[in-house]
Amino acid sequence: QVQLVESGGGWVQAGDSLRLSCAASGGTFSSYIMAWFRQAPGKEREFVAAISWSRGLTSYADSVKGRFTISRDNAKNTVYLQMNNLKPEDTAVYYCAARPGYRLSTVVSDYGAWGQGTQVTVSS
């Protein structure tokens, strides 16, 4: 059973940076897609970024392009989300997600494994 554990959230000021980590276990991740989603209070969970574990292909939401970078460390079975130039509208609970296969997806229901989430708060 795939288990995902996020870390690295916190409270920062606008313009600051944070790096989120997602430690994965219980699967053969070379054939997985890993993604980050976020959910702000009162809003739907939304796609942030995704990466194919084997080839490193990436996809980003328009709202974070040029500011966020998703990457993975195969040796550590860990996926990262580097977030730069954070804005108050980035405030949300950030979730790591995983799905088997090779197709990048931005759809919440395509992902069957989820972490518990980590809070990111950006003040203006």
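Source: prediction; values computed, not measured.
Ala40 and Ala92 get closest at one heavy-atom pair: N-CB, 3.8 Å. Trp53 and Phe29 make their closest contact through CB-O, 2.8 Å (heavy atoms, listed as atom of the first residue, atom of the second, distance). Listed here is the closest heavy atom pair of Thr78 and Lys76: OG1-O, 2.9 Å.
In this structure, Thr106 contributes its side chain and Phe47 its backbone to no donor-acceptor pair below 3.5 Å. Between the side chain of Gln82 and the backbone N or O of Arg19 there is no donor-acceptor pair closer than 3.5 Å. The backbone N or O of Val5 sits nowhere less than 3.5 Å from a side-chain atom of Gln116 that would complete a donor-acceptor pair.
Residues Arg67 and Asp90 meet the side-chain proximity criterion, which asks for heavy atoms closer than 4.5 Å. Counting only heavy atoms from C-beta outward, the side chains of Glu46 and Val108 never approach each other to under 4.5 Å.
Atom CD1 of Ile70 sits about 7.5 Å away from atom SG of Cys96, to the nearest 0.5 Å. A distance of 10.5 Å separates OH in Tyr80 from CH2 in Trp36, rounded to the nearest 0.5 Å. Remark: Ser31 OG to Arg99 CZ distance equals 11.0 Å, nearest 0.5 Å. To the nearest 0.5 Å, atoms OG (Ser54) and CZ (Arg72) are separated by 7.5 Å. Between Tyr111 atom OH and Leu4 atom CG the span is 11.5 Å, to the nearest 0.5 Å. Atom CD of Glu89 sits about 10.0 Å away from atom OG of Ser124, to the nearest 0.5 Å.
A side chain to side chain contact (heavy atoms under 4.5 Å, CB included) with Phe68 is found for one member of Leu81, Asn84, Asn85 and no other, namely Leu81.
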Derivation and outcome, side-chain contact (heavy atoms from CB on, under 4.5 Å), residues Asp110 and Arg103 | CA-CA 10 Å; Asp110 281 348; Arg103 179 178 63 85; 3.6 Å; yes
Please list every donor-acceptor pair under 3.5 Å in which a side-chain atom of residues 21-28 meets a protein atom from a residue at least two apart or in another chain.
none

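Listed by chain and number, the residues in a ring pair (Phe, Tyr, Trp, His ring centres under 6.0 Å) with Tyr95 amount to none (sequence neighbours excluded).
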